Amino acid sequence: MTSLPQAPGAPAVYLFYEQMSDGDNFMTSVYVRLKVLTEKGKDYGNVELPYYWADSYMSVDSISGRTIHADGTIVPLKEKAYAKMVEKNVDGKVMEKIFSMPSVEVGSILEYRFKVHFGYTPAWRIQSQLYILKAHYNWRPHSGSTNAIEWVSRLPNGAELNHGEVPGAGLTASRKFFDLTVADIPPAPNEEYMPPLDSFTYRVLFYYHSATSKEEFWRTQGRVWSKDLDQYIGPHDGVKAATRQLVSPSDTEEAKLRKIYASVMGMENTDFTREHTTAEDRAAGLKKIKTTDDVLARKSGDRNELARLFVAMARAAGLKAYVMRVVNRDHNLFSASYVDFRQLDDDIAIVDIDGKERYFDPGQRLCDFGHLAWKHTRAGGIRQTEKDTQLAQTPGESYKSSNVKRIGDLQMDEHGEVTGKLDLSFTGDPALHWRQVALRGDDTSLNKALRESLEAMIPQGLEVRVTGVDGIAEYDNPLAVHYEVSGMAGSSTGRRLLMPADLFRAQARPTFSAKQRTLPVYFHYTSITQDAIRITFPSTMKIESLPAKEDILYKKIATYNVSADQTPTTYTVRRNMALGDILFQPADYPELLSFYNKLETKDQEPVVLVHADAGAGAKPGR
């Protein structure tokens, strides 16, 4: 096999994948047989096996494998896998076991096996990045379990989940089994602006179900979660004392909360630094975190620990404050029908201020006061209430909250070379993105990322230098980035000079490339982008044409407008684009595609200048 007719150009293909789970031994055995078809397919020889570790809750071991070359030569896997921490949270760590298959070549078959030790129900995630010729899944639950087993699934046409019981022999009780065989599974969809793939790919997710209904499950589990959470949060004596020193009885409720928010934001967020070792904590005299008092004593914590500390301090200040645990919308969507608490990821805070509930995201470093990071907006989950818990969804944000303003003031010579300044300002999620980029690096890496971001927008002939960054750590103020640019911005065609009307759109590519759509269109957040470019040109030139004013509307959900004006030696182009929703169904796609095609065609209209002595036939500027 050198290619796959069902997936032309595929870098590799799964010849066979098998996942066998044994509930009595709390173990899953996985076998992979993969064929490398291209040079890019050799990357699949670098294997990363994710698992979740919490007090020996899960582990990966018994890794073995071999590479089989096209001539039949077999090279066994001798390299020992190593563990790497991907992420840490209040409940445990996301880890990876990493190893590389030996002597991988185009045409090689890679075989490897491993075991995952677990304490919960398996999840069969059937689609991957590659085409799968055949796959087999099997699970035998724990024989002593008396809870009912249910599942949610999305399977390809013709595939059927088989289940039943294997009779016991003698004193051995019968055992349930679940079995699925699938064939010719295409790769997971890969469309622009897709919803999280975990919510749309082929899969079977099992869960034990002791409640009489899904509503009862969430009600019962919610109460257990909330009770444990309140014991952790308190507020306890340390938080009470610190809050008394921080706020004044004469402060308004909002003033109290702003002080508390600033205090928590000033603490180390270990999601953006590094995990402290047990030895380091012991040397600093720090105990294991059991309550928010322990988080306060450390003045550091992960995103959920800091969110809970914020709630504890708000309660200590006399405010009604609650925790809501939500799904991270970056990788999944909440499903109430899948009764498994593990689908929920992050804690946010809800605080009643002057009789109105407001949402906060203190675990997201440098997130605006009174706002949520985009991955926590319009996200489902479970929340505390005054007397109970309930399923809920967080609100969305106004498109005005995430604002990007891009302003240019440039001088151009008669050859189309420009010099001048470009100033960009950000609020909301665009600002949060850059602030968190800064947290993960230093000034040099930040300036490099900011420079490369602008270089990807403006004409390629321009050289870019970052001259200043304001408000990088001031979450309540806009983030401003200042640039100086110089170089060739336009192109000459005889006596005419063509300039991109909006320099920030000079390298823009189409938002959508496909004519049809199978999945919804899913943007991260609503937003507004406002551009204004002023070019001062020599008196020896004049404007032949400017882009005509135009307004384009999509269902009052998205708007675009462009306009231009001129003086004898300047022209100014203004462009505004606002997006007021994040989710569009496939049926909406043709009209949405038409909207983007129109505005992107309009963006390509140039400004045309001619030399003043180019002849009397030149048309006046519009």
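Quick caveat, the model's predicted, so the values are computed rather than measured. Index from 1, following the sequence. All values below come from the heavy atoms of this structure, side chains included, with hydrogens, waters and symmetry mates left out.
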Donor-acceptor pairs are to be reported for all side-chain atoms of residues 179-191 against protein atoms at under 3.5 Å, with residues two or more places apart or in another chain.
unit_1, atom_1, unit_2, atom_2, d
D179, OD1, H136, NE2, 2.8
D179, OD1, N138, ND2, 2.8
D179, OD2, H136, NE2, 3.4
D184, OD1, Y131, OH, 3.4
E191, OE1, R517, NE, 3.2
E191, OE1, L519, N, 3.2
E191, OE2, T518, N, 3.2
E191, OE2, T518, OG1, 2.7

Open item on the list: Looking at D429 and K375, is there a salt bridge between them, counting it only when a charged N and a carboxylate O are closer than 4.0 Å?
Closed with: no
Task: R365 side chain to N269 backbone, donor-acceptor under 3.5 Å - done: no
Task: Sub-4.5 Å side-chain heavy-atom contact between S29 and F114 - done: no
TODO: Using a 4.5 Å cut-off on heavy atoms from C-beta on, say whether the side chain of I126 contacts that of R154.
DONE: no
Task: Gap separating the NE2 atom of H117 from the OG1 atom of T28, nearest 0.5 angstrom - done: 9.5 Å
Task: Residue pair Q129, Y44: steps toward the side chain to side chain donor-acceptor pair (under 3.5 Å) verdict - done: CA-CA 11 Å; Q129 294 177 325; Y44 289 90; 3.3 Å; yes
Task: CA sep, side-chain torsions, deciding dist, call: T38, V36, side chain to side chain contact (heavy atoms under 4.5 Å, CB included) - done: CA-CA 6 Å; T38 69; V36 177; over 6 Å; no
Task: L205 side chain reached by S335 side chain, heavy atoms, under 4.5 Å - done: no
Task: Neighbour count >12 (heavy atoms, 6.0 Å) for atom CG, D71 - done: yes
Open item on the list: Could you report the tightest heavy-atom contact between G222 and I382, atom names first, then the distance?
Closed with: CA-CD1, 3.5 Å
Open item on the list: Can you give me the closest heavy-atom contact between Q364 and M265, atom names plus distance?
Closed with: O-CE, 3.3 Å
Open item on the list: Closer than 3.5 angstrom, by distance alone: can the side chain of D293 be matched with the main-chain N or O of V239 as a donor-acceptor pair?
Closed with: yes
Task: Side-chain donor/acceptor of K35 to backbone N/O of G107, under 3.5 Å - done: yes
Task: Side-chain donor/acceptor of R203 to backbone N/O of T201, under 3.5 Å - done: yes
TODO: Would you check if the side chain of D340 reaches a backbone N or O of Q343 as a donor-acceptor pair within less than 3.5 Å?
DONE: no
TODO: Taking the side chain as every heavy atom from C-beta outward, state whether D345 and V326 have any atom pair closer than 4.5 Å.
DONE: no
Open item on the list: When you measure from the side chain of T394 to the backbone of H376, do you find a donor-acceptor pair of N or O atoms at a distance under 3.5 Å?
Closed with: yes
Open item on the list: Between K97 (side chain only) and V60 (backbone N and O only), is there a donor and an acceptor less than 3.5 Å apart?
Closed with: yes
Open item on the list: Please evaluate residues F16 and Y31 with respect to the criterion side chain to side chain contact (heavy atoms under 4.5 Å, CB included), reporting the C-alpha separation (whole Å), side-chain torsions for both, the decisive distance (0.1 Å), and the verdict.
Closed with: CA-CA 8 Å; F16 187 60; Y31 168 69; 3.7 Å; yes
Task: Reported OG-to-NZ distance for the pair S143 and K176, which is rounded to 0.5 angstrom - done: 11.5 Å
Task: Side-chain donor-acceptor pair present, S108, H69, cut-off under 3.5 Å - done: yes
- [ ] Side-chain contact test, heavy atoms from C-beta onward, threshold under 4.5 Å: evaluate it for P76 versus K78 and give yes or no.
- [x] yes
Task: Result of checking W151, Y207, F206 against Y338 for side-chain contact (heavy atoms from CB on, under 4.5 Å) - done: Y207
Open item on the list: Please give me the minimum heavy-atom distance between G381 and L344, naming the atom from each residue.
Closed with: CA-CD2, 3.8 Å
Task: Interatomic spacing from OH in Y322 to CG in D230 - rounded to 0.5 Å - done: 10.5 Å
TODO: Would you list the pairs meeting salt bridge (Lys or Arg N to Asp or Glu O under 4.0 Å) in which at least one residue belongs to residues 106-117, sequence neighbours left out?
DONE: R33-E111, R66-E111
- [ ] Please lay out, stage by stage, how F310 and Y261 fare under the test ring pair (Phe, Tyr, Trp, His ring centres under 6.0 Å).
- [x] CA-CA 7 Å; F310 173 76; Y261 194 80; 5.6 Å; yes
Open item on the list: I'd like to know if the side chain of S226 pairs up with that of Q384 as donor and acceptor (distance under 3.5 Å, no hydrogens or angles considered).
Closed with: yes
- [ ] Determine, for D22 against R175, whether the closest basic-nitrogen to carboxylate-oxygen distance falls under 4.0 angstrom.
- [x] yes
Task: Side-chain donor-acceptor contact under 3.5 Å, S513 with E192 - done: yes
Open item on the list: Under a 3.5 Å threshold, yes or no: a donor from one side chain and an acceptor from the other, between T292 and H236?
Closed with: no
Open item on the list: Tell me whether W218 contacts the main-chain N or O of L391 through its side chain, where contact means a donor paired with an acceptor under 3.5 Å.
Closed with: no
TODO: Give a yes or no on whether D330 atom CG has more than 12 heavy-atom contacts from other residues, nucleotides or ligands under 6.0 Å away.
DONE: yes
Task: Closest contact, heavy atoms only, N46 versus S100 - done: OD1-OG, 3.0 Å
Task: T385 and D388: side chain donor to acceptor below 3.5 Å - done: no
- [ ] Measure the spacing between CZ of F334 and CZ of R329 and express it to the nearest 0.5 Å.
- [x] 15.0 Å
Open item on the list: Please report whether the ring centroid of F99 lies less than 6.0 Å from that of Y112.
Closed with: yes
Open item on the list: Would you say D302 and T270 are linked by a side-chain donor-acceptor pair, where the criterion is simply a distance under 3.5 Å?
Closed with: no
Task: Salt bridge flag under 4.0 Å for residues R219 and E215 - done: no
TODO: Output the distance between atom OH (Y14) and atom CG (L130), rounded to the nearest 0.5 Å.
DONE: 5.5 Å
- [ ] Taking the side chain as every heavy atom from C-beta outward, state whether D361 and H371 have any pair of such atoms under 4.5 Å apart.
- [x] no
Task: Nearest-0.5 Å distance, CG of residue D347 to CG of residue N304 - done: 4.0 Å
Open item on the list: Does the structure place the NZ or CZ of R308 under 6.0 Å from the centre of the six-membered ring of Y232, at an angle of no more than 45° from the ring's axis?
Closed with: yes
Open item on the list: Counting C-beta onward and ignoring hydrogens, is there a side-chain heavy-atom pair between R383 and Q390 closer than 4.5 Å?
Closed with: yes
Task: Y137 backbone acceptor or donor facing Q19 side chain under 3.5 Å - done: no
TODO: Would you name the heavy atoms of G45 and L110 that are closest together and state the gap between them?
DONE: CA-CD1, 3.7 Å
- [ ] Taking the six-membered ring for Trp and the full ring for Phe, Tyr or His, determine whether the centres of W434 and Y475 are under 6.0 Å apart.
- [x] no
Task: Qualifying residue, where the test is ring-ring contact (aromatic ring centres under 6.0 Å, His included) with Y193 and the options are Y525, Y522, F523 - done: F523
Open item on the list: Tell me whether S153 contacts the main-chain N or O of L155 through its side chain, where contact means a donor paired with an acceptor under 3.5 Å.
Closed with: no
- [ ] Determine whether the side chains of T377 and E397 contain a donor N or O and an acceptor N or O closer than 3.5 Å.
- [x] no
Task: SB check D271 R303 (cutoff 4.0 Å) - done: yes
Open item on the list: Determine whether the aromatic ring centres of residues H142 and F26 are separated by less than 6.0 angstrom.
Closed with: yes
Task: Side-chain touch W225/T389, heavy atoms, less than 4.5 angstrom - done: yes
TODO: For residues P102 and V75, report the shortest heavy-atom separation together with the two atoms involved.
DONE: CG-O, 3.5 Å
